[in-house]
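Everything below concerns the one structure shown next.
We use all heavy atoms of the structure for the numbers below, so side chains are in, but hydrogens, waters and symmetry mates are not. What you are looking at is a predicted structure, and each value in this text was computed from that prediction instead of being measured. Reminder, nothing fancy here: chain letters follow the sequence lines and each chain counts from 1.
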Amino acid sequence: MASQSVLTPQSQDFPRWYQDVVAKAEMADNGPVRGTMVIRPYGYAIWERMQYEMDVRIKKTGAKNAYFPLFIPESYFAREAEHVEGFSPELAVVTYAGGEELAEPIVVRPTSETVVGEFMAKWIQSYRDLPLLLNQWANVVRWELRPRLFLRSSEFLWQEGHTAHESLDDASAYARRIHYEVYNDFMVNVLACPSYIGIKPASERFPGAINSMTGEAVMRDGKALQMMTTHELGQNFARAFDIYYQSEAGQAELCFTTSWGASTRLVGGLIMAHGDDNGLVVPPRLAPIQVVVVAVRDDAEVNEACERVAASLGDAGVRVEVDRGRGSFGRRVTDWEIKGVPIRIEVGPRDLAQGLVTLVRRDNAEKTTLGLGALVSEVPLALESIQTNLLARAIAHRDERTRDVDSVADAIDAAKDGFARLAWDLVAGEGETTLNAQAVSVRCLQRQDGSMPSSEDEGGLICLVAKSY
RNA sequence: CGGGCUGUAGCGCAGCUUGGUAGCGCGCUGCGUUCGGGACGCAGAGGUCCCGGGUUCAAAUCCCGGCAGCCCGACCA
């Protein structure tokens, strides 16, 4: 039914489709400097919803928000060998400021482990100060050679959590709590986007970490997108930044730290996880606009009815917007579909005469006619039904796109349009090189039952491999 | 950062080969008729032809150098 010509179909050119959606749903534009991004109000509203949902969960784990500076002394980076090596290609460095050459170059943060470490060392005196659980919402800069809106930009927005603990076990347990109770819970219950939870092989680990956990989601084209990551940093940063505490026994002990982040990349993930040829599809629990009430024509009576419908839904806790009937009906309907609003309620004189309105679901285009009185009870149910359907659909898609294979060669074949799952023993070492040569990478390691291993050294692990964004 | 393609009105493009001062579709503005799946008529507005240099009487067009975008690769949230 919907017009076919607005967006490039996914099957014809997926990257083009993605760009069309970003542009036509008015989510973002390229900034004037290569790799930078202007996030437009609708895109930002989606990010704000993500922020809110994650922030609530982060706070439940006991972490508190703080803010650290954008500018970091270059010397901080040099203190952790792997860290500096891993990040130096992506650093933007300020060497000139205030009209003169700087004595010490200043790095624009690509991540904040180093500054945070410096201050943790200052703030932590005794075991009574632990755990120290911090989070910040900030922008970071990583100079990107091949930028794509939301997925990879030189400047992006994220949250980065940084924590310090007494023991490896405490740090490890907290990191897992973040990974499951914040990230995975958000992914599954809000974003309706299941991801493969596992650990990164050594080759893909965060520079300076002893273990990196990930959530790898399957996009509509079968490629992988890392949606979030949680790192156990062991004592590497504690050692580099002298983060010591005095134990109950009076001994000076090194802390164990963690860090974890999720970024505006999630917006790109949202687009590619649920979007279809008619545009974005936003899960109701995430949607900044859950319901749009569309006036079929620009008519005083119709517009008034729309306002009443919106007000009653708003009172019922639904995020709702009214589209008064300016411009052609078909055009407006198409625009809301591109924006992925979960439910459209069409209000027109024909239905109105009988006290009815039409409700249309974005996920399956299903239309139903409802009495005005039923809306307040029916709309929340429909929103939940859409949420459930999107999650079920995403799980089915993930499973369809994942093949169990027995060799690296078959894995490369499977990675043409999805994920391959195979024994890690078949891949580790040589196999990883072979995969990488074909632009396929090991996305994560799991136990046979899909649960997260404690380390790469566990025997009998399986791995998921795919092409990735 | 390598390889390929591209930059002309907000968006999509033609014009460039063969230099002569810019056009089409959509969108936008106004008025009117419309409005239940991208409406139509009439009247309009809008361009440093990516930027800088060069050749020339004359450059969107030819030459050189930048910058930006897209696709593929290496790197990454």
Side-chain angles (χ1 to χ4, degrees), chain A residues 1-8 13-16 18-20 23-24 26 29-36 85-91 110-111 139-160 183 200 203-207 212 214-217 224-231 259-269 278-279 294-299 302-303 323-338 344-353 356-358 360 365 367 369 436-441 467-469:
Chain A
M1 290 273 274
S3 162
Q4 297 300 307
S5 59
V6 184
L7 304 168
T8 306
D13 185 343
F14 195 83
R16 184 68 184 268
Y18 177 84
Q19 290 172 56
D20 284 355
K24 300 215 163 131
E26 301 179 323
D29 250 326
N30 282 305
V33 172
R34 181 182 166 77
T36 61
E85 193 191 329
F87 277 108
S88 51
E90 301 177 80
L91 291 183
T111 179
N139 59 337
V140 285
V141 169
R142 298 181 184 180
W143 216 250
E144 283 297 340
L145 304 173
R146 192 183 160 194
R148 311 184 88 211
L149 288 171
F150 290 115
L151 300 174
R152 202 186 297 107
S153 50
S154 287
E155 179 192 5
F156 58 88
L157 306 181
W158 75 346
Q159 71 49 229
E160 48 175 322
Y183 294 143
K200 285 290 187 187
S203 58
E204 305 275 337
R205 225 177 256 157
F206 178 77
S212 289
T214 181
E216 301 284 329
L225 185 70
Q226 180 172 347
M227 305 295 269
M228 68 277 190
T229 181
T230 305
H231 311 294
S259 67
W260 26 281
S263 73
T264 39
R265 170 178 277 187
L266 286 169
V267 179
N278 294 323
V294 179
V296 162
R297 60 173 63 193
D298 192 6
D299 170 284
V302 170
N303 280 327
D323 178 358
R324 299 171 70 92
R326 301 258 163 99
S328 83
F329 175 75
R331 174 53 188 265
R332 289 180 288 127
V333 158
T334 308
D335 285 345
W336 289 114
E337 279 177 351
I338 292 173
R344 178 172 76 249
I345 295 175
E346 300 175 359
V347 180
R350 208 168 64 203
D351 285 345
L352 215 49
L356 301 173
V357 292
T358 301
V360 189
K367 289 191 183 187
T369 305
N436 290 347
Q438 300 297 313
V440 178
S441 58
K467 295 195 176 189
S468 72
Y469 280 98

Would you kindly give the CZ-to-P distance between A:Phe329 and B:U34, to the nearest whole Å? 18 Å
Taking the same atom, P, in B:A14 and in B:U8, what whole-Å distance lies between them? 10 Å
Could you state the CZ-P distance from A:Arg265 to B:C76, rounded to the nearest angstrom? 11 Å
Residue A:Arg142, side-chain heavy atoms: nucleotide from B:C35, B:C1, B:A77 that is nearest: B:A77
Between B:A39 and B:G2, how far apart are the two P atoms, rounded to whole Å? 47 Å
Just to be sure I understand the rule, does A:Pro349 reach a base, reach only the sugar-phosphate, or reach nothing, if contact means heavy atoms closer than 4.0 Å? base
Regarding the side chain of A:Val333, the nearest nucleotide among B:C35, B:A68, B:G37 is B:G37
Rounded to the nearest Å, what distance is computed from the CH2 atom of residue A:Trp143 to the P atom of nucleotide B:A77? 18 Å
So, OP1 or OP2 of B:A77: does either fall under 4.0 Å of a side-chain N or O from A:Arg152? no
Among B:C1, B:G36, B:C71, which nucleotide has an atom closest to any side-chain atom of A:Gln19? B:C71
Can a donor-acceptor pair under 3.5 Å be found between the side-chain atoms of A:Arg344 and the base atoms of B:G37? yes
Distance, rounded to the nearest Å, where A:Glu204 contributes CD and B:A77 contributes C1': 13 Å
A:Arg34 with A:Glu144: basic N within carboxylate O range, under 4.0 Å: no
Indicate yes or no: does A:Arg332 engage A:Glu346 in a salt bridge with an N to O separation below 4.0 Å. no
How many whole angstroms separate atom OH of A:Tyr18 from atom P of B:C71? 11 Å
Using a 4.0 Å heavy-atom cut-off across all strands, classify A:Gly327 as base, sugar-phosphate, or nothing. base
On RNA chain B, compare the nucleotides closest to A:Gly348 and A:Pro207; which residue's is nearer the 5' end? A:Gly348
Whole-angstrom distance between B:C67 and B:U48, as gauged at atom P: 24 Å
Expressed as a whole number of angstroms, how long is the span from A:Leu225:CG to B:A77:P? 11 Å
When the C1' atoms of B:G66 and B:A43 are compared, how many Å lie between them, rounded to an integer? 44 Å
Do A:Lys367 side-chain and B:G37 base share a donor-acceptor contact under 3.5 Å? yes
Ignoring hydrogens and angles, answer whether the base of B:A39 and the side-chain atoms of A:Ser328 contain a donor-acceptor pair closer than 3.5 Å. no
Side chain of A:Asp298 only, please: which of B:A77, B:C35, B:C70 is the nearest? B:C35
Under a plain distance cut-off of 3.5 Å, with no hydrogens placed, do A:Glu155 and A:Asn139 share a side-chain donor-acceptor pair? yes
On a whole-Å scale, what distance lies between the C1' atoms belonging to B:A58 and B:G19? 8 Å
May I ask you to say what A:Asp351 touches in the nucleic acid, namely base, sugar-phosphate or nothing, with a heavy-atom cut-off under 4.0 Å? base
If you pin A:Gly261 and A:Val33 to their nearest nucleotides in RNA chain B, which one's is more 5'? A:Val33
Atom C1', compared across B:G7 and B:G12: separation rounded to whole Å: 13 Å
Just jot down the salt bridge (charged side-chain N to carboxylate O under 4.0 Å, His left out) partners of A:Arg326, sequence neighbours excluded, or say none. A:Asp298
Rounded distance in Å - CG (A:Leu157) to P (B:A77): 17 Å
With distance as the sole criterion, is a donor-acceptor pair present between the side chains of A:Asp13 and A:Thr8 under 3.5 Å? no
Check this one for me: any side-chain N or O of A:Arg146 less than 4.0 Å away from OP1 or OP2 of B:C76? no
Sticking with atom P, work out how far B:C11 lies from B:G47, rounded to a whole angstrom. 14 Å
More than 12 non-hydrogen atoms from neighbouring residues, nucleotides or ligands closer than 6.0 Å to CZ on A:Arg148, yes or no? yes
Report the base-pairing partner of B:A39 (Watson-Crick or G-U wobble, both distances below 3.5 angstrom), or none. B:U33
